[in-house]
Q: 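Dropping a structure here in C-alpha cells format, bear with me for questions.
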Amino acid sequence: MAPDDRRAAIIDATLPLVLEHGSGVSTRLIAEAADVAEGTIYRVFPDKDALMCAVTEKAFDPEPTLAQLAAIDRQLPLRDRLVAAAVVMQHRLVGAFVLIDALGLTGPPPGRQEARRVMNDAFHAALVDVVGPDEPALTVPAGELVHVLRLLVFSGSHPRISDGRLLDAEQIVTILLDGVLARPGCRHHHAMTEDAAC
C-alpha cells in the first residue's frame, strides 16, 4: 500500500473508534481496524496525538460538505433546495458535535483564525448559491436568509442548546420561510410542517 493510502486507511479506521471509545482508544484496536501492524501506526504518525489531530482535521474538512451543497439540484423549488441544504449542514454538525464530545473538547479544535474564516465564508457562499435566482422573491437579501438558516440549523441540531428537542430540516425551513404565527384560515399544525403555511 502506498504511504498516502496507508495513512488515509488508518485515519478512516480511527474515526469511528474515536466516536465509540473517545481519544483513549488503543492503538491496538486502531491497528486491528485498519488491518495493519500496531508498529505501522508509529511509522506513519510520530505519536498518537498526531493521529488524533489528523482524524480531527479530516472530520472537519469542509470539502465533502461543500461538494454536497453544490450537488443540490438547482431546478428544485426554493423550499426543497433549502431543506436539502439543511439536511447536508445538519449531517456535518451532528458529526462534529459527536466528535467534540468524544474527544472531550469544549468546541471545535483550535485552528488558524484565517482558515476558519475562509471556511465560514465558503459555507456562506455555497448556501447563497443554493438560494440562487429566487432571491428577488425574498423580503431580505439571500445572505441574511442564509445567516438565519445557519443559526437555526446549529441551534436546532445541538442536543443541549435545543434541550433535546431537535428540529428536522423541514421544520427549520418552515420556520424560516413561514414563521410560526397562525394565519386566518390556516389549519393549526404543531409539527411545523408545510401544512402550517397558507
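Quick caveat, the model's predicted, so the values are computed rather than measured. The figures here come from the full heavy-atom set of this structure, side chains too, leaving out hydrogens, waters and symmetry mates.
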Q: Rounded to the nearest 0.5 Å, how far apart are CG of Leu152 and OG1 of Thr174?
A: 11.0 Å
Q: For a quick test of your reading: what N or O donor-acceptor pairs under 3.5 Å do the side chains of residues 59-71 make, sequence neighbours left out?
A:
{"unit_1": "Asp61", "atom_1": "OD1", "unit_2": "Glu63", "atom_2": "N", "d": "3.1"}

Q: Tell me, which pairs form a salt bridge (Lys or Arg N to Asp or Glu O under 4.0 Å) where one or both residues lie in residues 86-103, sequence neighbours left out?
A: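 Every pair satisfying salt bridge (Lys or Arg N to Asp or Glu O under 4.0 Å) with a residue in residues 86-103: Asp101-Arg160.
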Q: Is there a side-chain contact between Val55 and Ile10 in this structure, where contact means two heavy atoms from C-beta onward sitting under 4.5 Å apart?
A: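 They are not in contact (no side-chain heavy atoms under 4.5 Å apart), so the answer is no.
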Q: Return all side-chain donor-acceptor pairs below 3.5 angstrom for residues 24-35, not counting sequence neighbours, or 'none' if the list is empty.
A:
{"unit_1": "Ser26", "atom_1": "OG", "unit_2": "Leu29", "atom_2": "N", "d": "3.1"}
{"unit_1": "Thr27", "atom_1": "OG1", "unit_2": "Glu38", "atom_2": "OE2", "d": "2.4"}
{"unit_1": "Arg28", "atom_1": "NH1", "unit_2": "Glu32", "atom_2": "OE2", "d": "3.0"}

Q: Taking the side chain as every heavy atom from C-beta outward, state whether Leu78 and Leu82 have any atom pair closer than 4.5 Å.
A: yes
Q: Report the distance from atom CE of Met52 to atom CG of Leu15, rounding to the nearest 0.5 Å.
A: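 With rounding to 0.5 Å, CE (Met52) is 9.5 Å from CG (Leu15).
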Q: Give, for atom CG of Asp80 and atom CD1 of Ile72, the distance between the pair rounded to the nearest 0.5 Å.
A: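 Those atoms lie 10.5 Å apart.
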Q: Quick one: does Thr40's side chain get under 4.5 Å of Arg43's, heavy atoms only?
A: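 SC-SC contact between Thr40 and Arg43 confirmed.
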Q: Partners of Asp121 by side chain to side chain donor-acceptor pair (under 3.5 Å), sequence neighbours excluded?
A: Arg117
Q: Would you mind listing every ring-ring contact (aromatic ring centres under 6.0 Å, His included) that reaches into residues 113-140, with sequence neighbours excluded?
A: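 Every candidate ring-ring contact (aromatic ring centres under 6.0 Å, His included) pair involving residues 113-140 fails, so no pair, neighbours aside, qualifies.
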Q: Between Val87 and Glu170, is there a side-chain heavy-atom distance shorter than 4.5 Å?
A: no
Q: So which pairs with a foot in residues 126-138 pass salt bridge (Lys or Arg N to Asp or Glu O under 4.0 Å), sequence neighbours left out?
A: Arg74-Asp129, Arg81-Asp134
Q: I need the full list of ring-ring contact (aromatic ring centres under 6.0 Å, His included) pairs touching residues 74-102, with sequence neighbours left out, sorted by first then second residue.
A: Phe97-Phe154, Phe97-His158
Q: Apply side-chain contact (heavy atoms from CB on, under 4.5 Å) to Leu127 and Leu145, showing your working.
A: CA-CA 9 Å; Leu127 289 166; Leu145 178 139; over 6 Å; no
Q: For a quick test of reading the model, state the closest non-hydrogen atom pair linking Ala86 to Val153 and the distance between them.
A: CB-CG2, 4.2 Å
Q: Out of curiosity, does Leu138 fall in the hydrophobic cluster containing Val148 (side-chain heavy atoms, cut-off under 4.5 Å, transitive links)?
A: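 In one cluster: yes.
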Q: Which pairs, with at least one residue in residues 16-35 and sequence neighbours excluded, count as a ring-ring contact (aromatic ring centres under 6.0 Å, His included)?
A: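 Listed by first then second residue: nothing to list.
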Q: Under the rule for ring-ring contact (aromatic ring centres under 6.0 Å, His included), what residues qualify as partners of Tyr42, not counting sequence neighbours?
A: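 Here no residue qualifies.
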Q: Please check if Val94 and Leu151 belong to a single hydrophobic cluster, counting links between Ile, Leu, Val, Met, Phe, Trp and Tyr side chain heavy atoms closer than 4.5 Å.
A: no
Q: Side chain to side chain donor-acceptor pair (under 3.5 Å) with Ser157: which residues, sequence neighbours excluded?
A: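 In terms of side chain to side chain donor-acceptor pair (under 3.5 Å), with neighbours along the sequence ignored, Ser157 is linked to Gln90.
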Q: So do the side chains of Val83 and Ile172 get within less than 4.5 Å of each other, counting heavy atoms only?
A: no
Q: Same cluster or not: are Val128 and Leu177 linked, directly or through other Ile, Leu, Val, Met, Phe, Trp or Tyr residues, by side-chain heavy atoms under 4.5 angstrom apart?
A: yes
Q: Among residues two or more places apart or on two chains, list those pairs meeting salt bridge (Lys or Arg N to Asp or Glu O under 4.0 Å) that have a residue in residues 5-18.
A: Asp12-Lys58
Q: Test side-chain contact (heavy atoms from CB on, under 4.5 Å) on Asp178 and Arg79; report intermediate values, then the result.
A: CA-CA 10 Å; Asp178 304 324; Arg79 183 182 297 272; 3.1 Å; yes
Q: According to side-chain contact (heavy atoms from CB on, under 4.5 Å), who are the partners of Ala50, at least two apart in sequence or on a separate chain?
A: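 Here the qualifying residues are Phe45, Pro46, Asp47.
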Q: CG of Asp73: more than 12 outside heavy atoms within 6.0 angstrom?
A: yes
Q: Check whether the side chains of Arg165 and Ser162 place a donor and an acceptor atom closer than 3.5 Å, and report yes or no.
A: no
Q: Would you compute the distance between atom CG of Leu93 and atom OG of Ser155 and round it to the nearest 0.5 angstrom?
A: 10.0 Å
